[in-house]
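Data first, discussion second: the structure below is written as structure tokens.
Each ligand, and each atom within it, is numbered from 1 in the order the structure gives. Small disclaimer: the values here were computed from a predicted structure and weren't measured.
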Amino acid sequence: MKRESIKSVLARPEAGGNVTVAGWARAVRAQKQVVFIQVNDGSCLVNLQLVVPQDHPQFEQLGRLSQGSGLKAQGRLTPSTGSGQSYELLVDSVEVYGEADPTSYPLQKKHHSLEFLRESVPHLRPRTRTFGAVLRVRNVLARAIHEFFQERGFLWAQTPIITASDCEGAGQMFRVSTLDPLNPPCLPEGGVDFGQDFFAKPAYLTVSGQLAGETMALALSNIYTFGPTFRAENSNTTRHLAEFWMVEPEAAFYDLQDNMDLAEDFLKHLFRTVLDQCQEDMAFFAEFVEKSAIETLESIVNSPFERVTYTEAIKLLEQSGQAFEYPVKWGMDIQTEHERYLAEKRMKRPVIITDYPKDIKAFYMRMNDDGKTVRGMDVVVPRLGEIIGGSQREERLDVLEARMAEMHIDPASYSWYLDTRRFGSVPHSGFGLGFERTVQFVTGMGNIRDVILYPRTPKSASMG
Ligand code: 4AD
Ligand code: MG
């Protein structure tokens with residue numbers, strides 16, 4: 001079927017001509033002499049208004065059309081007399097594909113809360129203005145991610161989703177198994193015999209593609225992953241998902257400075273792209289979701305990020321005079337409230353915090369000469385807190401092995417990883433950007449569950 005997207009119709013330089021569009025009726029207004037139907041096809045935020053005059057053979061039928069109906073319309077593009085849009089479609093014919101029974105269609109004209117949409121009708125959320133705008137911005141961001149790295153010669157790596165290693169060492173992995181949970185094979189000494197499982201050993205959904213990404217970067221220099229990751233983390237917050245997408249660049253011959261520069265350039269590229277390409281949707285977010293949405297992005301792309309060490313950050317927090325829920329002390333993990341204070345109140349811009357105490361970071365981060373801190377970096381942003389976590393990697397075999405022993409990590413199961421340090425080891429660095437956190441930050445949406453098609457969170461994995 002030939003049809004033109006509503007976005008493209010509305011962008012036409014002039015009215016006139018025969019146009020075919022298709023979409024869903026967002027609103028139907030039947031007056032004595034004319035029926036107005038607002039049609040949306042998802043190509044843009046605004047609707048195209050169909051105008052059905054009284055003498056049209058379908059006048060009666062279309063006046064009874066209900067919100068949500070799917071249709072195709074063909075007609076003449078005319079300048080719009082109403083406010084808000086340039087054109088409307090003076091209808092020749094309308095083909096109604098599927099009606100939406102108004103007595104049972106859950107999306108009615110009234111405002112629905114995000115909670116209602118998420119919990120009761122997640123499969124119909126894409127038909128709302130808010131979710132449509134989120135999904136379009138999400139798409140632009142995904143493309144901008146590839147664009148940024150491809151332009152810089154980074155190769156897109158597809159790392160495995162099923163893995164045996166716990167990259168972050170946090171023990172938050174979902175098990176992948178084909179054993180019968182009611183009757184698993186057991187070892188003589190007790191416990192499940194995973195030797196008889198599908199992979200002949202315990203397997204999990206990956207929490208990060210980093211370790212596999214490192215093996216590729218240590219041959220092809222610059223790579224990035226962009227794919228789903230999973231965390232069986234019992235965090236019921238507005239910033240955590242059990243299934244989320246992550247972007248993980250890994251670059252050989254990069255030190256922490258290079259890594260920070262890459263992260264800053266990357267975020268600025270993403271935000272600039274959204275400001276350029278999603279003007280209509282961003283104006284919607286600024287009006288209905290988060291007043292400062294556009295200003296925040298503009299100010300970020302136009303000024304340098306702040307960079308502080310963990311130790312400096314702790315001093316700033318101690319001097320802040322704020323009553324934090326988690327008391328501030330060197331050695332503690334920096335919490336969201338602290339990150340937000342630093343980025344939102346103190347610096348009023350993104351802050352890169354580096355050189356964390358080794359005890360609160362993963363085994364692969366490069367040890368500093370002080371023996372206490374590692375070359376990790378987190379990028380924290382206003383409203384949200386951590387959006388990126390990364391580090392320079394420990395490339396010295398002996399130091400890495402000592403660190404793993406200290407953390408009770410079995411070197412035998414990481415021997416493939418250690419080979420990258422045994423043979424031609426070089427300095428390298430990388431980071432992970434949470435994709436949903438990025439969409440959340442850009443749009444100003446309050447809950448990460450509202451920026452992904454079907455959120456997976458503790459006790460919730462509906463539909464999809
Ligand atoms: O800080 P994280 O755990 O770092 C890593 O996984 C490293 N292996 C990355 C690397 O160096 N290649 O996670 C990176 C980012 C976080 O900063 C956050 O934005 C996002 O992933 N993230 C989550 N997003 C949504 N829900 C969760 N449960 C998340 N956990 C992490
Ligand atoms: Mg982190």
Please work out whether any backbone atom (N, CA, C, O) or any side-chain heavy atom from C-beta onward of E436 is under 4.0 Å from ligand 1, and answer side chain, backbone, both or neither.
neither
Whether over 12 other heavy atoms sit under 6.0 Å from R143 CZ
no
For G434, counting its heavy atoms only, list the atoms of ligand 1 lying under 4.0 Å from any of them.
15 (C), 19 (O), 20 (C), 21 (O)
Residue part near ligand 1, for T229, under 4.0 Å between non-hydrogen atoms:
neither
Is there a salt bridge (Lys or Arg N to Asp or Glu O under 4.0 Å) between R138 and D281? Walk through the geometry before answering.
CA-CA 11 Å; R138 197 179 154 105; D281 290 325; over 6 Å; no
Nearest protein heavy-atom contact for atom 17 (O) of ligand 1: which residue, which atom, what distance?
E386 OE2, 2.6 Å
Could you check which of F441, F435, F244 puts a non-hydrogen atom nearest to atom 31 (C) of ligand 1?
F244
Separation between CD (E394) and CZ (R366), nearest 0.5 Å, reads 5.5 Å
Does E386 bring an N, O or S atom to under 2.8 Å of the Mg ion (ligand 2)?
yes
Ligand 1 versus M246, non-hydrogen atoms closer than 4.0 Å: side chain, backbone, both, neither?
side chain
Looking at side-chain heavy atoms only, is the closest gap between I294 and L275 below 4.5 Å?
yes
Could you walk me through whether K268 and D265 pass salt bridge (Lys or Arg N to Asp or Glu O under 4.0 Å), step by step?
CA-CA 5 Å; K268 285 179 170 170; D265 288 350; over 6 Å; no
Numbering as shown, the atoms of ligand 1 that approach G390 to under 4.0 Å (heavy-atom distance)
11 (O)
Considering only non-hydrogen protein atoms, determine which one is nearest to atom 19 (O) of ligand 1 and report residue, atom name and distance to 0.1 Å.
I387 O, 2.8 Å
Should you measure from each heavy atom of E233, which atoms of ligand 1 turn up under 4.0 Å away?
28 (N)
Shortest reach to atom 9 (C) of ligand 1 by a heavy atom, considering only M377, E248, E250:
E248
Check for me whether Y224 has a heavy atom closer than 4.0 Å to any atom of ligand 1.
no
Could you walk me through whether D261 and R307 pass salt bridge (Lys or Arg N to Asp or Glu O under 4.0 Å), step by step?
CA-CA 11 Å; D261 292 344; R307 299 180 183 195; 2.8 Å; yes
Over 12 foreign heavy atoms within 6.0 Å of CH2, W416:
yes
How far is atom 3 (O) of ligand 1 from its nearest protein heavy atom, and which residue and atom is that?
R231 NH1, 2.7 Å
Take atom CZ of F116 as the centre, draw a 6.0 Å sphere, and report whether it contains more than 12 heavy atoms from other residues, nucleotides or ligands.
yes
Residue-level breakdown please: for D378 versus ligand 1, do any non-hydrogen atoms fall below 4.0 Å on the side chain, on the backbone, on both, or on neither?
neither
List ligand 1 atoms under 4.0 Å from I388, heavy atoms only on the residue side.
17 (O)
Can you confirm if the NZ or CZ of R437 lies within 45° of the ring axis of F441 and under 6.0 Å from the centre of its six-membered ring?
no
In ligand 1, which numbered atoms sit nearer than 4.0 Å to a non-hydrogen atom of Y364?
7 (C), 8 (N)
Looking at ligand 1, is there an atom of it that comes within less than 4.0 Å of some heavy atom belonging to R393?
yes
Can a donor-acceptor pair be found, under 3.5 Å and without considering hydrogens, that links the side chain of E337 to the backbone of Y326?
yes
Give the ring-plane orientation class for F174 versus F230, where under 30° counts as parallel, over 60° as perpendicular and anything between as tilted.
perpendicular
Please state which option from Q440, K361, E168, R239 has its nearest heavy atom closest to atom 4 (O) of ligand 1.
E168
Using the side chain to side chain donor-acceptor pair (under 3.5 Å) rule, pick out the option among E395, R393, E214 that qualifies with H428.
E214
For atom 10 (C) of ligand 1, the option (of H240, R437, Q210) bearing the nearest heavy atom
Q210
Judged on heavy-atom distance to atom 15 (C) of ligand 1, which of C167, G213, G432, A362 sits nearest?
G432
Identity and distance of the protein heavy atom lying nearest atom 26 (N) of ligand 1:
L241 N, 2.9 Å
Take the angle between the ring planes of F226 and W245 and call it parallel below 30°, perpendicular above 60°, tilted in between.
perpendicular
Numbered atoms of ligand 1 (with element) below 4.0 Å of G389, judged on heavy atoms:
1 (O), 9 (C), 10 (C), 11 (O), 17 (O)
